[in-house]
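Every value quoted in this text rests on a predicted model; they were computed, and no experiment measured them.
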Amino acid sequence: MTPRFAFFAVGSALLLSGCNPTTVGIAASPLFVEGKQTNLLNQSYAAVDSITVQTKQKFPARSTVRIAELEEIVDTHRQRVVRNPELGKKMTDQIRSRFEQLGYPVVEGDAKGQLTGLYEVIGKQLAVRLKLSDGRTGALMGQYDYWMPITSDMRRYMDPYSGGIPLYKVREGLDGMVDR
């Protein structure tokens, strides 16, 4: 590598490292966005962007979509799920809004696509899985899994015992503890 090329490569990397692609309307994996820059809305929008890009052949814009409220996995054996009245509803509303912005009519009855989702609190992270299935056959058309740090933006929507972690413990220092 020539010194001149190395200089330009390092300079370009430094300039681009400050860019947050989700704020300029380009979907990027939330895994590569720093925790300090993430928020719930950006993550929800980026997830929908990713699903619509990967399914655009089978599920083009203007296709109807039914969106089920996201459910939270709450026990250690991952056998029981619940609908979180705050966090799940907030993420579902944001996902619904993004689909509508992209030109997909969101309906309550029969639809070409069915979006379902689960999320789970794991340590200081929120793991989310979204699936888009064919509304008629149930065949999986696309899936998007992502992690995001639990921020104050999310905590205000969490139930007091969301994910089995009492909210007061999260606020009183769970962030400073090492995950076990």
Side-chain angles (χ1 to χ4, degrees), residues 20-33 35 37-122 125-151 153-164:
N20 184 352
T22 56
T23 60
V24 293
I26 301 170
S29 173
L31 298 173
F32 299 110
V33 179
Q37 298 174 344
T38 60
N39 69 37
L40 193 56
L41 182 66
N42 284 352
Q43 298 297 324
S44 297
Y45 278 25
V48 172
D49 290 348
S50 179
I51 284 181
T52 57
V53 166
Q54 69 177 270
T55 61
K56 66 182 174 184
Q57 297 296 325
K58 299 175 190 173
F59 193 67
R62 297 188 208 357
S63 299
T64 57
V65 61
R66 181 174 179 267
I67 300 172
E69 187 172 318
L70 272 64
E71 297 177 319
E72 180 180 10
I73 299 171
V74 293
D75 69 2
T76 55
H77 301 292
R78 298 182 176 160
Q79 304 264 335
R80 186 170 65 98
V81 297
V82 296
R83 290 192 176 164
N84 187 324
E86 295 294 326
L87 184 59
K89 183 177 181 335
K90 185 66 175 176
M91 287 192 299
T92 303
D93 290 344
Q94 291 172 344
I95 289 168
R96 179 178 291 114
S97 173
R98 185 61 175 164
F99 268 108
E100 290 171 344
Q101 287 176 0
L102 295 174
Y104 294 86
V106 178
V107 297
E108 293 299 320
D110 292 336
K112 181 172 172 66
Q114 164 84 20
L115 185 92
T116 57
L118 293 171
Y119 61 96
E120 180 178 17
V121 174
I122 300 175
Q125 301 283 318
L126 190 70
V128 183
R129 168 170 284 172
L130 299 178
K131 291 182 179 183
L132 183 64
S133 304
D134 186 296
R136 196 170 27 102
T137 65
L140 182 65
M141 290 192 284
Q143 177 175 313
Y144 187 65
D145 299 337
Y146 60 101
W147 291 74
M148 59 183 153
I150 296 174
T151 63
D153 182 40
M154 285 188 270
R155 284 189 192 122
R156 70 178 139 177
Y157 300 111
M158 295 175 81
D159 283 344
Y161 289 93
S162 182

(message) For R136, give me all partners under salt bridge (Lys or Arg N to Asp or Glu O under 4.0 Å), at least two apart in sequence or on another chain.
(response)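 Testing R136 for salt bridge (Lys or Arg N to Asp or Glu O under 4.0 Å), a comparison that skips the adjacent residues, returns none.
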Checking [X] now: which residues fulfil side chain to side chain contact (heavy atoms under 4.5 Å, CB included) with it, not counting sequence neighbours?
X: A127; value: I122, W147
X: Q57; value: none
X: P105; value: T64
X: V106; value: V65, I67, R96, F99, E100

Which atom names give the shortest non-hydrogen contact between [X] and [Y], and what distance separates them?
X: E86; Y: Y157; result: CB-O, 2.5 Å
X: G138; Y: S133; result: O-CB, 3.8 Å
X: Y146; Y: A47; result: CE2-CB, 3.5 Å
X: D49; Y: T52; result: O-OG1, 3.0 Å

Between [atom1] of [X] and [atom2] of [Y], what distance do you get to the nearest 0.5 Å?
X: Q143; Y: T116; atom1: CD; atom2: OG1; answer: 9.0 Å
X: L118; Y: E71; atom1: CG; atom2: CD; answer: 6.0 Å
X: L70; Y: L115; atom1: CG; atom2: CG; answer: 7.0 Å
X: R98; Y: I51; atom1: CZ; atom2: CD1; answer: 12.5 Å
X: I95; Y: E69; atom1: CD1; atom2: CD; answer: 10.5 Å
X: M141; Y: L132; atom1: CE; atom2: CG; answer: 4.0 Å

Among residues at least two apart in sequence or on other chains, which ones pass side chain to side chain donor-acceptor pair (under 3.5 Å) with [X]?
X: Q54; result: none
X: S44; result: Q94
X: S97; result: Y45

Could you tell me whether the side chain of [Y] reaches within less than 4.5 Å of the side chain of [X], counting heavy atoms only?
X: Y119; Y: L87; value: yes
X: M91; Y: L126; value: yes
X: K89; Y: D93; value: yes

(message) Looking at Q101, I'd like to know if its CD atom is crowded, meaning that more than 12 non-hydrogen atoms belonging to other residues, nucleotides or ligands lie closer than 6.0 Å.
(response)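 Yes - once you tally the heavy atoms of other residues, nucleotides and ligands closer than 6.0 Å, there are more than 12.
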(message) I'd like to know if the side chain of R66 reaches the main chain of E108, judged simply by a donor and an acceptor atom lying under 3.5 Å from each other, with no hydrogens or angles considered.
(response)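 The answer is yes, because a donor-acceptor pair under 3.5 Å joins these two groups.
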(message) Looking at S63 and P60, would you say the former's side chain and the latter's main chain have a donor-acceptor pair under 3.5 Å?
(response)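 At least one qualifying donor-acceptor pair exists.
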